[in-house]
Amino acid sequence: MAEKYDPIELDRKWQRRWEDARVAFVDTSDGADKFYMLNMFPYPSGSRLHVGHGRNYILGDALYRRERMAGRRTLNPMGWDAFGLPAENAAIASGVPPREYTTGNIARMKEQLRSLGLLYDWSKELASCDPAYYRWNQWLFLRMWERGLAYRKTAPVNWCPGCRTVLANEQVVDGRCERSGDAVEIRDLTQWFFRITEYAERLLAGLETVDWPERVKVMQRNWIGRSEGAEVFFRVDALAEPIPVFTTRPDTLFGATFLALAPEHPAAARLAERSPLSGDLARFIERVRRSSRLERESETGEKEGMDTGITALNPATGETIPVWLANFVLPDYGTGAIMGVPAHDQRDFEFARRYGLPIRPVYRSDAEPDPDAMTAAVPHGGVLFRSGDWNGTPNGPAAVSKAIDWIEARGLGRGRLGYRLRDWLISRQRYWGTPIPAVHCPDCGVLPVPDEQLPVLLPEDVAFRGAEGNPLEQSEAFVATSCPDCGGPARRETDTMDTFVDSSWYYLRFLNPGDSSRMVDSERAAKWMPVDQYVGGIEHAILHLLYARFICRVLKDLGLVDLEEPFARLFNQGMITKLNPASGKIEKMSKSRGNTVSPDELIARFGADTVRVYTLFIGPPEKESEWSEEGVAGAWRFLQRVHDVCARAEALPAGERAEDSPLTRLAHRTIQRVTEDAQRFHFHTAVAALMEFQRGMAEALDSGEESPGALRRAAETLVQLLHPVAPHLTEEWWERFGHRTFLLDSSWPAFDPALATTERVTLVVQVNGKVRGRLDVERGAPEPDALALARADEKIRTWLEGKEIARTVYVPDRLLNLVVR
RNA sequence: GCCGGAGUGGUGGAAUGGCAGACACAGGGGACUCAAAAUCCCCCGCUCGCAAGGGCAUGAGGGUUCGAAUCCCUCCUCCGGCACCA
């Protein structure tokens, strides 16, 4: 046998070769045969990657190499989502400046990616903390400000005490900060927002056009939360302006027996002043405002309210109804005010019962519901009654639109859509992010930084003391500026942008990373966008993916790109899990749980190819899979065997034409299987097919029944098909088989459908649907032949004894079913 | 509660209307070796049977079909999302 398989040496050799040749470089000025594939760019964390992270990149690299061999000019860039809290926290903890910390992490992480044999077009590398990058965040912000898409408002916002900053709605999970887990407080603050709600309809519509996992699309639809309804105006006797109410059931307007306002509603305070219960109301408003999100949203939370003593007019009945403040009315959904229809809405019902408010049913199925006997709201159903002109209208969408028409005709309101989606709060009271380019002038107000002054640089000579808050506030050199309008002394905005702004357009920047003249190269974007295949974790199902879709639309409206959906196809890889010795349970692999496996040691011992083979073989990539140390050894053994069969085939002469032989047929069948599996990312079954192929080759080498040419060609096919999974070993053999160019640059093998089959097939014979025998027949054997063979078969004959064949079902090359009586 | 996904040997999984368990891992047996490691070969769903062979089996129950892990209905369990959103 030839020399031993030395993966460490091969890793070194081929990683250097690929790098020296800049194999992954793509000229993006040319869009011919383009394929843009992208892994979500990572945060350069201070801890080393574990094999769970590795799955994402290995899968991406295998896809990249496969697409490339299939003949596409494939772009596979990499960059760094380099702003964010950990670097700043590290600075507070250890005094290392965030930039230095981040740069060091990037270098280490890059080396780790390289050691896995991952190929990226590093000529397009970018880092979001680079002023050459983040200046375009600022430029975009200014354009959005001009169009009213970026704005400042004072509102109750989410405050994370642990992170000491506000958060977007999307970053609050179950009332807690998604990062730190701290309970989120509600504070009234003046903050910067992006008007994503204006794009709600377009964001929903676009979901129909992308090839994404259904669950991600469902999550986004849920998050946007569209509902159709109407805005109805209620005249309030103490106020000049009527109060608008959003409802999805305007058809129940005649059943509205009270009006309820969120305590945060701007009219609430004014009502309190005019109310005889002024003091009590003010205290109630204060108490509700101070409650945490956790309390406000908890399911057990009591519905609490207070009568303002002021009345409104039900616009349909003309009756006087009381105006209440209620804690269950949310300030930032709809109009922050509701009409209470206790007969047909469970929440309103509970509220009405608690405070003795009247209940007035307007839908009846058989008998009229008795308000006094009701123990719960009556579902909408039957027909309307006690509803004037609408009486007799059956429940359904027609009733709703009839009501809207009626309301609009009388000027009492209008049809409207409601969304659960809130505007994106982008300001952060932290240092390590893009400075928001605004100036506060005592005379002129809040003004944009002029374009020519961009970028507003993040100062790097600041002190990190922790509890004192954003170091930018302490940096007089940063804060002190002059007003762009009057020239007088002014102060800079010290909030920075949510880092999700950075990641919402980076995929475009890979096309012109060094371009200091513009944010996006529209021509190249036209040629290369959208990203054909995006790969990343499910944790960004809403956050990053929603923001990126939004910003892409904004860029379209700015005329910079001509598309709405940046990511045509999305793939979410499943997590890697492992037994956690601490808890005894199988859990997601993570540093904090202490159940990580480092790829570094495995690479040092078995080489990168083994880690790649096992990672891809572990299971279907979209599902979570449990890491097993023993499984790694299996991958290693397989590569060893591949090495052995290649070594045995090395000395054989390359054959001329493919002759028809069992091995050739196996090769073509394997090409077909691997090609199809790779197309649906199922490298685990592709590897299984290659394992069978390898064994078939070993047997053919032993038997001596195959020609040298067939053996040698099979070895080359094996090496080609295995390349996306195990690039180092396969490049080595490709070279030793006499090829002068990279295997990576070879053409993916094509299969001949006529050869991707065997000549003889096993025909299953069933009697009454049960398998009773198997026949070895020639492919394409006609039914009478098969039937004759089955009748002649001794085993099958015993099942037919004394029976009459009533019917036969014949599926050529597969099965013969004899139905007997 | 609503929506989405999943449930197959000891384990990861394969098969998406036609041989259930490919390919691996673990386990058992053997070869090589003074021995060990490495490597290679064989066995490996449950059950009845000396064997030949039979029966059962893809969360549970029903249905469609010549034939169901796969399609339909009812239910159970687990995972994920949304949920006081008017």
Side-chain angles (χ1 to χ4, degrees), chain A residues 1 4 173-174 213-227 229-230 245-250 252 256 260 262 296-303 326-330 332-341 344-348 350-351 418-422 538 541-542 577 613-614 617-620 622-638 640-641 644 673 677 682 684-692 694-695 698 762-774 795 798 806-811 813-820:
Chain A
M1 193 181 291
K4 242 178 101 61
V173 178
D174 295 331
E214 190 54 33
R215 63 175 165 159
V216 177
K217 296 205 264 186
V218 166
M219 282 162 76
Q220 293 217 353
R221 277 190 209 109
N222 279 346
W223 190 260
I224 295 168
R226 177 189 203 262
S227 42
V245 147
F246 177 69
T247 176
T248 55
R249 298 304 305 229
T252 61
R296 190 93 179 250
E297 286 178 2
S298 76
E299 215 163 322
T300 51
E302 282 285 306
K303 289 190 179 30
N327 68 345
F328 74 94
V329 181
L330 304 173
D332 50 359
Y333 182 75
T335 61
I338 62 156
M339 63 180 206
V341 185
H344 301 295
D345 182 286
Q346 186 58 26
R347 295 158 301 181
D348 298 349
E350 286 167 27
F351 191 74
Y419 299 95
R420 215 188 67 95
L421 182 70
R422 312 290 203 260
I538 186 74
I542 295 174
T577 59
V613 168
Y614 179 65
F617 187 65
I618 192 167
E622 68 278 8
K623 284 176 62 179
E624 63 172 46
S625 303
E626 189 187 343
W627 189 267
S628 124
E629 299 289 338
E630 293 81 9
V632 177
W636 161 256
R637 284 195 287 270
F638 167 59
Q640 194 95 267
R641 290 193 295 265
D644 289 346
R673 285 174 69 186
D677 288 346
H682 280 196
H684 64 306
T685 47
V687 170
L690 290 167
M691 285 170 167
E692 290 179 54
Q694 177 277 323
R695 196 166 53 206
T762 302
L763 190 71
V764 173
V765 181
Q766 296 183 336
V767 177
N768 286 345
K770 290 196 181 273
V771 179
R772 297 302 183 190
R774 293 178 175 85
K795 224 158 55 183
T798 61
R807 184 180 165 189
T808 62
V809 179
Y810 186 60
V811 184
D813 302 334
R814 284 186 169 274
L815 148 148
L816 174 67
N817 188 11
L818 306 172
V819 185
V820 302

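Letters A, B, ... mirror the listed sequences (proteins, then strands); counts begin at 1.
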Do A:Arg637 and B:C25 share a donor-acceptor pair, side chain to base, under 3.5 Å?
no
Whichever of A:Gln694 and A:Lys770 has its nearest RNA chain B nucleotide further upstream toward 5':
A:Gln694
Report the residues that fulfil salt bridge (charged side-chain N to carboxylate O under 4.0 Å, His left out) with A:Glu692, sequence neighbours left out, ordered by chain and then residue number.
A:Arg673
For a quick test of reading the model: is some side-chain N or O of A:Arg641 closer than 4.0 Å to OP1 or OP2 of B:C40?
yes
Base, sugar-phosphate, or nothing for A:Glu626, non-hydrogen atoms under 4.0 angstrom?
nothing
Of A:Asp348 and A:Arg807, whose closest RNA chain B nucleotide lies nearer the 5' terminus?
A:Arg807
Is A:Val329 touching bases, backbone alone, or none of the nucleic acid, heavy atoms closer than 4.0 Å?
base
Determine the interatomic distance between P on B:G21 and the same-named atom on B:C43; round to the nearest Å.
14 Å
Taking OP1 and OP2 of B:C23, is either one under 4.0 Å from a side-chain nitrogen or oxygen of A:Arg695?
yes
Does B:A24 have OP1 or OP2 sitting under 4.0 Å from an N or O in the side chain of A:His684?
no
When the C1' atoms of B:G62 and B:C76 are considered, how many whole Å apart are they?
15 Å
Under 4.0 Å from OP1 or OP2 of B:G55: is there any side-chain N or O of A:Arg772 that close?
yes
Suppose you measure atom C1' in B:A6 against the same atom in B:A69; what distance do you get, rounded to whole Å?
13 Å
Give one of base, sugar-phosphate or nothing for A:Leu815, where a contact means two heavy atoms less than 4.0 Å apart.
base
Who passes salt bridge (charged side-chain N to carboxylate O under 4.0 Å, His left out) against A:Asp345, sequence neighbours left out?
A:Arg347
Just checking A:Arg814: base, sugar-phosphate only, or nothing, at a heavy-atom cut-off of under 4.0 Å?
sugar-phosphate
